Structure formats: structure tokens, C-alpha cells
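Atoms considered below: every heavy atom in the structure, side chains included; atoms not considered: hydrogens, waters and symmetry mates. All residue numbers in this chain count up from 1 along the given sequence. This is a predicted model, so every value here is computed, not measured.
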Amino acid sequence: MKKYLVMAAVLLSLAITSTAPSADTKIINNPNSLKNSPQWYATPLRKSFKTFIRICSTETPVEKVSLYTDDITKFEASKSFKTKDNLLTMSIKGTVEIGAVKTPYAVPREKKKKDGSYLLYVEAVLYGPDGKVYDIQSTEIKGAGSLKAEGGKVGFSVDIGQGYDFSRGGRVLLVATGESILSDYPMNTCVLLGGKWVSVK
């Protein structure tokens, strides 16, 4: 009898283990992943980046990329052109207002403090009129280390497209990314928060 009880316990344990979602399953089923997200700016990004994508100034596997459940950004940007190393370059400057980070996302608390903060970056992706990516630049926003979960408004600037033929047209996709931000899914701690198109012309 004791032998049968032990076997039953082992089988029950195996059944529970087999039905528990693994980390890989959670990643695949994440509704906010780059693959699954319904956010408008996810569409051009997943078309252009099949294996790796630049977020938070780091090349990251696309399957680990997570987007916030909403676009919580409000960009105000202006562009100008300048010569850099004798090559025409587009300079984009402005501000971005970030909304509050809420569940299922969270900003991890710092030791001996009631709350935490995260670094904010702006990724700039230059698309030509043919839909191809011609340049990618990242900038860390000044003072972003003090950005709390409730958000805030900060300034940024980024130079992009050095040597690109701007007479061809095209547009730049600005994407705000925050790190470290955690979620219920075991994804990368850099999360995409929202974006804005800026026309080259």
C-alpha cells in the first residue's frame, strides 16, 4: 500500500510540473512582446528587425523585447540639418513626456528607499522611402536616472543619418525605452514605452 501511495505522489508531482508554465512558454505567450503587441509602432519594428533590435543602447534578441501595454509617450520634436565630418546629418531635438508605469509593469525599488527610478533612452531609426533601415542611433536622456514610476518630462537630442541622401525623403521613428522595468513575464528589463514619426522633409 505504501508503495502505491509513493508512486501516486510521484505521478501527481510530474503532472503538476508538466502543466506549470515554463519561462519559455511565458515569453512566447506574452501579449506585450514585440511579436504579439498591437501597439502601432510594433509593426514597423518587427518588419525590420527579425533577430536583434537596439533598445536601451543594447542589441537585444527580438523574442525578449516587451512593449508597454499603451503608448505612454508624448513627443515634441523639431529637426534641423548640419554638416558633421563634411557629411550632412539630421539633428532631432525636443522633449518627451512619459506617463506612469503601472501593472503588469513595475519600476524596481532601490535599497533603503520607498521607490526606484529607471534610465530613459530615445532610439532613433531612419527609414528610407523604400522601407529599409539606413541608420540607428541611441541617446541616454540627461537626468533620466531620476525618472520615477509616475513618469515625467525630459529633453533629448539625437543626430542621425550622417551621409544619408535626405533629398530622397524618408522618416525617423523615435522610440522611448526604459530600463530597468519589470513585468510578470521573464523578458528583458528594457521596455519600449511609445514612439513618434518624424518626417525627413
Side-chain angles (χ1 to χ4, degrees), residues 32 34 37-60 62 65-101 117-148 150-179 181 188 190-201:
N32 304 312
L34 180 57
S37 173
Q39 295 303 311
W40 67 267
Y41 63 97
T43 301
L45 291 177
R46 59 177 161 245
K47 283 182 179 178
S48 302
F49 303 98
K50 304 298 184 183
T51 54
F52 286 85
I53 185 172
R54 175 87 63 83
I55 56 172
C56 295
S57 295
T58 303
E59 297 296 323
T60 302
V62 293
V65 175
S66 188
L67 281 69
Y68 197 76
T69 50
D70 246 332
D71 185 337
I72 57 171
T73 65
K74 289 183 180 179
F75 279 93
E76 292 182 5
S78 62
K79 63 179 183 288
S80 60
F81 295 92
K82 63 183 181 182
T83 301
K84 189 175 182 180
D85 297 328
N86 295 320
L87 295 172
L88 194 62
T89 304
M90 183 175 176
S91 180
I92 303 175
K93 296 182 179 181
T95 59
V96 58
E97 185 175 350
I98 308 294
V101 174
S117 59
Y118 63 94
L119 290 173
L120 188 67
Y121 299 79
V122 169
E123 316 295 338
V125 185
L126 172 60
Y127 285 86
D130 54 4
K132 293 181 180 179
V133 174
Y134 285 85
D135 192 17
I136 305 171
Q137 296 294 330
S138 304
T139 179
E140 183 176 338
I141 298 177
K142 295 179 180 178
S146 61
L147 199 61
K148 305 294 184 181
E150 58 267 25
K153 188 175 183 179
V154 291
F156 72 92
S157 64
V158 60
D159 293 339
I160 191 167
Q162 185 176 0
Y164 176 76
D165 182 5
F166 291 99
S167 66
R168 295 180 57 209
R171 53 186 181 168
V172 174
L173 178 60
L174 299 175
V175 180
T177 61
E179 183 183 37
I181 298 175
N188 191 284
C190 177
V191 174
L192 282 63
L193 304 172
K196 177 183 176 64
W197 285 113
V198 176
S199 175
V200 166
K201 288 188 176 181

Residues Gln39, Asp70; criterion side chain to side chain contact (heavy atoms under 4.5 Å, CB included); working and verdict: CA-CA 7 Å; Gln39 295 303 311; Asp70 246 332; 4.3 Å; yes
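With contacts defined as side-chain heavy-atom distances shorter than 4.5 Å, the pair Tyr118/Glu179 does not qualify. Contact check for Ile98 versus Tyr68: no side-chain heavy atoms found under the 4.5 Å cut-off. Side-chain contact between Leu67 and Tyr41 is present, with at least one heavy-atom pair separated by less than 4.5 Å. Side-chain contact between Val96 and Glu76 is absent, with no heavy atoms from C-beta onward closer than 4.5 Å. Looking at Asn188 and Val65, their side chains never come closer than 4.5 Å, going by heavy atoms from C-beta outward. Two residues are said to be in side-chain contact when any heavy atoms from C-beta on lie closer than 4.5 Å; Phe49 and Ile55 fail this criterion. Residues Leu119 and Tyr121 form a side-chain contact, since some pair of their non-hydrogen atoms from C-beta on lies under 4.5 Å apart. Proximity of Leu173 to Leu45: side-chain heavy atoms (C-beta onward) are separated by under 4.5 Å at one or more points.
Scanning all heavy atoms of the two residues, the minimum distance from Pro129 to Gly169 falls at CD-O, 3.8 Å. Between Val172 and Ala124, the shortest heavy-atom distance links the atoms CG1-CB, 4.0 Å. Across Val122 and Phe156, no two heavy atoms sit closer than the pair CG2-CG, 4.1 Å. The shortest heavy-atom contact between Ala176 and Thr73 is CB-CG2, 3.8 Å. Smallest separation of non-hydrogen atoms from Thr139 and Ser157: OG1-O, 3.3 Å. Across every non-hydrogen atom of Glu123 and Ser57, the tightest pair is OE2-N, 3.3 Å.
Here CG of Leu34 is found 9.5 Å from OG of Ser66. Values are rounded to the nearest 0.5 Å. Of the inter-residue distances, the one linking Asp135 atom CG with Tyr127 atom OH reads 12.5 Å to the nearest 0.5 angstrom. Rounding to the nearest 0.5 Å places CG of Leu192 at 9.5 Å from OG1 of Thr60. Taking CG of Asp85 as the reference point, atom CG of Leu87 lies at 6.5 Å (rounded to 0.5 Å).
Scored by the side chain to side chain donor-acceptor pair (under 3.5 Å) test, Asp130 finds Tyr134 as partners (sequence neighbours excluded). Residues that satisfy the side-chain contact (heavy atoms from CB on, under 4.5 Å) test with Asp159, not counting sequence neighbours, are Lys82, Lys84, Thr89, Ser91. Not a single side chain to side chain donor-acceptor pair (under 3.5 Å) links Tyr164 to another residue, sequence neighbours left out. Partners of Ser37 according to the side chain to side chain donor-acceptor pair (under 3.5 Å) rule, which considers only residues two or more places apart in sequence or in another chain, do not exist here.
Note on residues 40-60: pairs passing salt bridge (charged side-chain N to carboxylate O under 4.0 Å, His left out), not counting sequence neighbours, are Arg54-Glu59.
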Taking only distance into account, with no hydrogens and no angle test, what donor-acceptor pairs under 3.5 Å do side-chain atoms of residues 193-201 form with protein atoms, sequence neighbours excluded?
| residue | atom | partner | partner atom | Å |
| --- | --- | --- | --- | --- |
| Ser199 | OG | Lys201 | N | 3.3 |
| Ser199 | OG | Lys201 | O | 3.2 |

